[in-house]
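A short worksheet on the structure shown next.
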Amino acid sequence: MLRIRREVFRVSQAEMARLIGTTQATVSRWEKGLSEPPRDALERVREAAARLGLLWNDAWFFALPPAATTEALPAVKERPAA
């Protein structure tokens, strides 16, 4: 999840949490490997990528390929904090 957030979404943990309807603490636990995201959370990640028009591949839940570098991805603008 860390690489997906950083390399695909390019957002903070708080913004990722907002995009997928969870908390920043939950995103942090996923990234640290302390817990695994449930299937519905993975579906929300996919849906958020589609809403933002981001390049997406479900295989990235398992391993983000080297070809998916930030140069190959569309820019994502930072949103102001709510």
Side-chain angles (χ1 to χ4, degrees):
M1 288 301 289
L2 176 66
R3 291 184 71 194
I4 289 172
R5 179 179 61 82
R6 286 185 178 172
E7 296 182 25
V8 177
F9 283 84
R10 294 197 250 163
V11 296
S12 67
Q13 286 182 344
E15 179 67 6
M16 187 70 174
R18 188 190 68 74
L19 287 169
I20 63 173
T22 193
T23 66
Q24 179 273 326
T26 297
V27 172
S28 177
R29 282 191 297 274
W30 294 341
E31 291 181 358
K32 291 177 182 177
L34 300 175
S35 66
E36 292 290 323
R39 183 180 176 142
D40 66 314
L42 298 177
E43 290 170 1
R44 291 191 310 266
V45 169
R46 180 190 308 124
E47 291 164 1
R51 277 194 318 272
L52 295 172
L54 300 175
L55 175 70
W56 186 255
N57 183 329
D58 283 346
W60 294 344
F61 286 130
F62 307 102
L64 193 60
T69 63
T70 55
E71 292 80 29
L73 299 172
V76 176
K77 295 180 182 173
E78 287 286 329
R79 291 178 188 74

query = When hydrophobic residues are tied together by side-chain contacts of less than 4.5 Å, even through go-betweens, does F61 share a cluster with L2?
reply = no
Please determine whether residues L52 and V11 belong to a single hydrophobic cluster, defined as Ile, Leu, Val, Met, Phe, Trp and Tyr linked transitively by side-chain heavy-atom distances below 4.5 Å. yes
Q.
Determine whether R18 and E15 satisfy the following criterion, salt bridge (charged side-chain N to carboxylate O under 4.0 Å, His left out), listing intermediate values before the conclusion.
A. CA-CA 5 Å; R18 188 190 68 74; E15 179 67 6; 2.8 Å; yes
| V27 and W56: same hydrophobic cluster, using ILVMFWY side-chain contacts below 4.5 Å? | yes
Output for pair (N57 CG, R46 CZ), nearest 0.5 Å, gives 10.5 Å
For S28, the side-chain contact (heavy atoms from CB on, under 4.5 Å) test, sequence neighbours excluded, returns Q13, Q24, K32
- Query: Do V45 and M16 come within less than 4.5 Å of each other through their side chains, counting heavy atoms only?
  - Reply: yes
dist W30:CH2 -> I20:CD1 (nearest 0.5 Å) comes out at 4.0 Å
So OG1 of T26 and CG of L34: to nearest 0.5 Å the spacing works out to 11.0 Å
So CH2 of W60 and CG of L42: to nearest 0.5 Å the spacing works out to 14.5 Å
I'd like to know whether CZ of R51 has more than 12 heavy-atom contacts from other residues, nucleotides or ligands below 6.0 angstrom. yes
Rounding to 0.5 Å, atoms CZ (F9) and CE (M1) come to a distance of 7.5 Å
For L19 and A48 the tightest heavy-atom approach is O-CB, 4.1 Å
